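What follows is one structure encoded as structure tokens, with my remarks underneath.
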Amino acid sequence: MNASVVVAGAVLDQGRLLAARRSAPPELAGRWELPGGKVEPGESGEQALARELREELGVESRAMERIPGEWPLKPGYVLHVWTVALVSGEPSALQDHDALRWLRPDEVDDVDWLDQDRPAVAEAARRLRDTPHR
């Protein structure tokens, strides 16, 4: 049986990574994650990610590069993560989150990330450190 895919975006802007604090379900509330959600039938991972970020954050975005690897979530689900560029809009906590924070690479450990997001967050922070910014 193939696992269902959940996509998440490492939203990168001006040398920073966007973190989103979960408001639900209760067992995840208060912890931080890379925003995203389930891939619906007929969607590619990139299409699902654009839709989810539009719904959750109110932004238009473009998936850039998939971070290698996949991470198990609840039984039957795996997480795929892409780096994401903002195309338009300013992120707002519209759905599933009650706070957002922009973190510089040296600040990514300042929040309590969900365990499954930690490897992708570490890779996104490494990429930010290795990329010159204005």
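These numbers were taken from a predicted model, which means no experiment stands behind them.
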Minimum side-chain heavy-atom gap L53-L86 below 4.5 Å: no
CG on D98 to CZ on R21, rounded to 0.5 Å: 4.0 Å
Assigning hydrophobic clusters by single linkage (Ile, Leu, Val, Met, Phe, Trp, Tyr; side-chain heavy-atom cutoff under 4.5 Å), is L49 placed with V59? yes
Do V111 and V121 share a hydrophobic cluster (ILVMFWY, side-chain heavy atoms under 4.5 Å, transitive)? yes
Nearest heavy-atom contact between D13 and W102 is CB-CH2, 3.6 Å
With a 4.5 Å cut-off on side-chain heavy atoms, are W32 and R101 touching? yes
With a 4.5 Å cut-off on side-chain heavy-atom distances among I, L, V, M, F, W and Y, is there a chain of contacts connecting W113 to W82? no
D117 and V81, any side-chain heavy atoms less than 4.5 Å apart: no
Which atom pair, heavy atoms only, marks the closest approach of S23 to A29? O-CB, 3.7 Å
What pair of heavy atoms forms the shortest contact from R22 to L28, and how long is it? CB-O, 3.4 Å
Nearest 0.5 Å, what's the CD-CZ distance between E46 and R51? 13.5 Å
Could you state the interatomic distance from CZ (R62) to OG (S88), rounded to the nearest 0.5 Å? 12.0 Å
Is there side-chain contact between V11 and L17, with at least one heavy-atom pair below 4.5 Å? no
Distance-only check: which donor-acceptor pairs under 3.5 Å involve side-chain atoms of residues 90-97, not counting sequence neighbours?
| residue | atom | partner | partner atom | Å |
| --- | --- | --- | --- | --- |
| H97 | ND1 | Q95 | O | 3.2 |
| H97 | NE2 | E33 | OE2 | 2.6 |

Quick one: CD on Q116 to NZ on K74, what's the gap to the nearest 0.5 Å? 11.0 Å
Between P35 and E56 the two heavy atoms that sit nearest each other are CB-OE1, 3.6 Å
hydrophobic_cluster_shared for L73 and W71, side chain cutoff 4.5 Å: yes
Is any side-chain heavy atom of L57 closer than 4.5 Å to a side-chain heavy atom of L100? yes
Lys/Arg N to Asp/Glu carboxylate O, R118 vs D115, below 4.0 Å: yes
Grouping I, L, V, M, F, W and Y whenever their side-chain heavy atoms are under 4.5 Å apart, do Y77 and L79 come out in a common cluster? yes
V39 vs V6, side chain to side chain contact (heavy atoms under 4.5 Å, CB included): CA-CA, chis, key distance, verdict: CA-CA 6 Å; V39 176; V6 173; over 6 Å; no
Working to the nearest 0.5 angstrom, can you tell me the gap between L34 CG and I67 CD1? 7.5 Å
CZ-CZ distance between R104 and R129, expressed to the nearest 0.5 angstrom: 13.5 Å
Here the pair of heavy atoms bringing G15 nearest to P105 is O-CD, 3.4 Å
Considering all heavy atoms of both residues, which atom of G36 and which atom of E52 are nearest to each other, and what is their separation? O-OE1, 3.5 Å
